[in-house]
Amino acid sequence: MITEMPRVWLVVLLIGSLAYGDAKKPVRPVEKVYAEASALMARNRYKEALPLLLDAAGRGLDKAQHQLGYIYEGGERGIPKDLAEAARWYTLAAAQGYRASQFTLGQMYDYGTGVTQDRKKAYELYLASAKQKFGLAEFTYGLVAEINLNDRKTAIQWLDEAGKQGDGRARWIAEWLRRSDTPHFDDEAKLGAYINSKVAAWMTSSNRGTAAAGDFSYTKYIRERTRQMYESGDKAAGDRCQYNGRCY
């Protein structure tokens, strides 16, 4: 027993010295870790960025959590697509009030992508994001209010808010909803078809020609404006759209 004591104490001292060494090692600021990850992603080095993102996200950085959600949602540069994992990270960021995650998670619940479909929860998330002036959420919740909730006053309110950020499509739809003769539709395609028919009739009556009227498409217009917003950094899509196409 006496001969074993020195070995035991040697182990204790060794463990203690290692622990002391770790304690003295400085912890890198989480923002610097995220900045390094962002620089790697800008060079399409996602696999190298992933451990840094996981570090920053694990320490509670909301934008790192959102970025992980984005990566797993689409699968980026060799990182496998995992919708459940994407939803998990978006949920953590959304719980901290990160408006882009609130909006994107809302879309996932709206369509049942990576989560069990829950339209009520989706609408709540859209609204939470819209209240933080996230333009796409303002626009989306405006349509939800009109089409799904049959609440035109609220629809116009949120479309107007998106319009104030430079979203011309939102202002345009709001003007149609202000017209007392515009009926309620429970489907965006039906609303679009109605607007198309009215615009086509106006263009024809103004001698602009049926060909010009046929060139107009509500759906095409909406999709094109969305694409432009994501690519250009339009204020209506948020503060800016970063290199990965996701707006913050």
Side-chain angles (χ1 to χ4, degrees), residues 27-38 41 49-50 52-74 76 82-145 148-149 151 154-155 157-167 170 226 229-230 232-248:
V27 178
R28 294 177 62 204
V30 68
E31 287 287 354
K32 286 190 176 182
V33 173
Y34 181 75
E36 185 178 334
S38 296
M41 289 185 292
L50 188 60
L52 297 170
L53 285 174
L54 288 168
D55 177 16
R59 286 197 265 163
L61 188 64
D62 52 9
K63 57 187 174 183
Q65 293 168 343
H66 177 81
Q67 185 65 59
L68 282 171
Y70 171 78
I71 289 173
Y72 285 117
E73 182 185 8
E76 291 291 330
D82 188 334
L83 293 175
E85 188 69 358
R88 185 173 79 85
W89 287 111
Y90 282 141
T91 299
L92 289 172
Q96 296 194 66
Y98 199 71
R99 62 185 193 167
S101 283
Q102 290 171 332
F103 173 72
T104 308
L105 185 63
Q107 289 186 309
M108 296 184 84
Y109 276 108
D110 203 351
Y111 299 102
T113 306
V115 294
T116 301
Q117 188 176 45
D118 186 336
R119 290 266 168 78
K120 181 181 179 181
K121 190 171 185 66
Y123 302 161
E124 289 172 353
L125 286 162
Y126 289 151
L127 181 57
S129 182
K131 285 180 176 179
Q132 295 195 74
K133 298 188 178 300
F134 192 67
L136 285 173
E138 291 171 338
F139 173 77
T140 301
Y141 192 74
L143 287 183
V144 163
N148 304 99
L149 305 179
D151 183 347
T154 298
Q157 172 195 338
W158 285 110
L159 290 169
D160 280 344
E161 289 300 315
K164 290 175 186 176
Q165 296 199 56
D167 189 343
T226 302
M229 288 167 66
Y230 271 110
S232 69
D234 192 308
K235 275 287 184 181
D239 291 336
R240 56 198 169 94
C241 297
Q242 297 187 346
Y243 54 83
N244 60 16
R246 183 65 67 182
C247 302
Y248 294 82

Peer 1: So how far is it from Y72 OH to L83 CG, rounded to the nearest 0.5 Å?
Peer 2: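 One gets 12.5 Å once the value is rounded to the nearest 0.5 Å.
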Peer 1: Kindly write out the residues that satisfy side chain to side chain contact (heavy atoms under 4.5 Å, CB included) with D110, not counting sequence neighbours, or none if the list is empty.
Peer 2: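 Scan of D110 (side chain to side chain contact (heavy atoms under 4.5 Å, CB included), adjacent residues dropped) gives R119, A122, Y123, Y126.
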Peer 1: With a 4.5 Å heavy-atom cut-off, do Q117 and Y109 have their side chains touching?
Peer 2: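 Result no, sub-4.5 Å side-chain heavy-atom pair not found.
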Peer 1: Could you walk me through whether D55 and R59 pass the salt bridge (charged side-chain N to carboxylate O under 4.0 Å, His left out) check?
Peer 2: CA-CA 6 Å; D55 177 16; R59 286 197 265 163; 3.1 Å; yes
Peer 1: Quick one: pull up CZ in F134 and OG1 in T140 and give me the separation to the nearest 0.5 Å.
Peer 2: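 F134 atom CZ to T140 atom OG1 measures 9.0 Å (nearest 0.5 Å).
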Peer 1: Give me the atom names and distance for the closest heavy-atom approach of A87 to V115.
Peer 2: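 Of all heavy-atom pairs spanning A87 and V115, the closest is CB-CG1, 3.5 Å.
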Peer 1: Looking at every non-hydrogen atom in both residues, tell me the closest pair between A162 and G135 and how far apart they are.
Peer 2: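 What the structure gives for the nearest pair is CB-O, 4.0 Å.
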Peer 1: Taking side chain to side chain contact (heavy atoms under 4.5 Å, CB included) as the test, write out the residues that go with E36, two or more places apart.
Peer 2: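 Partners of E36 under the side chain to side chain contact (heavy atoms under 4.5 Å, CB included) test: R28, L52.
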Peer 1: Check whether any side-chain N or O of Y90 sits under 3.5 Å from a backbone N or O of A100 as a donor-acceptor pair, and report yes or no.
Peer 2: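 It does not hold such a pair.
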Peer 1: Is the backbone N or O of G60 less than 3.5 Å from a side-chain atom of Q96, with the two atoms forming a donor-acceptor pair by type?
Peer 2: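 The answer is yes, because a donor-acceptor pair under 3.5 Å joins these two groups.
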Peer 1: Let me see the working for E73 and T113 under side-chain contact (heavy atoms from CB on, under 4.5 Å), right down to the final yes or no.
Peer 2: CA-CA 9 Å; E73 182 185 8; T113 306; 5.9 Å; no
Peer 1: Looking at Q165 and K133, would you say the former's side chain and the latter's main chain have a donor-acceptor pair under 3.5 Å?
Peer 2: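 Yes: the side chain of Q165 pairs with the backbone of K133.
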Peer 1: Taking only residues two or more places apart in sequence, or in another chain, which ones meet E85 in a side chain to side chain donor-acceptor pair (under 3.5 Å)?
Peer 2: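 Partners of E85 by the side chain to side chain donor-acceptor pair (under 3.5 Å) criterion, ordered by chain and then number, come out as R88, W89.
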Peer 1: Go through the steps to decide whether E31 and K63 satisfy the test salt bridge (charged side-chain N to carboxylate O under 4.0 Å, His left out), and finish with yes or no.
Peer 2: CA-CA 10 Å; E31 287 287 354; K63 57 187 174 183; 3.1 Å; yes
Peer 1: Over all heavy atoms of both residues, which pair between A94 and S101 is shortest? Give the atoms and the distance, please.
Peer 2: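 Here A94 and S101 meet closest at N-CB, 3.8 Å.
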Peer 1: Mind checking whether H66 and T104 have side chains closer than 4.5 Å, heavy atoms only?
Peer 2: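 The answer is yes; the side chains approach within 4.5 Å.
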Peer 1: Once side chain to side chain contact (heavy atoms under 4.5 Å, CB included) is applied, do any residues pair with A49, and if so which ones, sequence neighbours excluded?
Peer 2: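 Once residues adjacent in sequence are excluded, the partners of A49 under the side chain to side chain contact (heavy atoms under 4.5 Å, CB included) criterion are A37, L40, M41.
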Peer 1: Heavy atoms only: give me the nearest R99-S129 pair and the separation to one decimal.
Peer 2: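 Distance-wise, the nearest heavy atoms are O-OG, 2.9 Å.
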Peer 1: Could you list the residues that satisfy side chain to side chain donor-acceptor pair (under 3.5 Å) with K121, not counting sequence neighbours?
Peer 2: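 Testing K121 for side chain to side chain donor-acceptor pair (under 3.5 Å), a comparison that skips the adjacent residues, returns none.
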Peer 1: Would you give the length of the straight line joining atom OG1 of T154 to atom CG of L159, rounded to the nearest 0.5 angstrom?
Peer 2: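 So the OG1 of T154 and the CG of L159 are separated by 10.5 Å.
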Peer 1: Checking L50 against L68 for the side-chain contact (heavy atoms from CB on, under 4.5 Å) test, could you report, in this order, the C-alpha distance in whole Å, the side-chain angles of both residues, the deciding distance, and whether it holds?
Peer 2: CA-CA 8 Å; L50 188 60; L68 282 171; 3.5 Å; yes
Peer 1: Are any non-hydrogen side-chain atoms of D62 and Q65 less than 4.5 angstrom apart?
Peer 2: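 D62 reaches Q65 side chain to side chain.
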Peer 1: Please enumerate all residues that pass side chain to side chain contact (heavy atoms under 4.5 Å, CB included) together with A130, with sequence neighbours excluded.
Peer 2: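 Side chain to side chain contact (heavy atoms under 4.5 Å, CB included) check on A130 returns A137, E138, W158.
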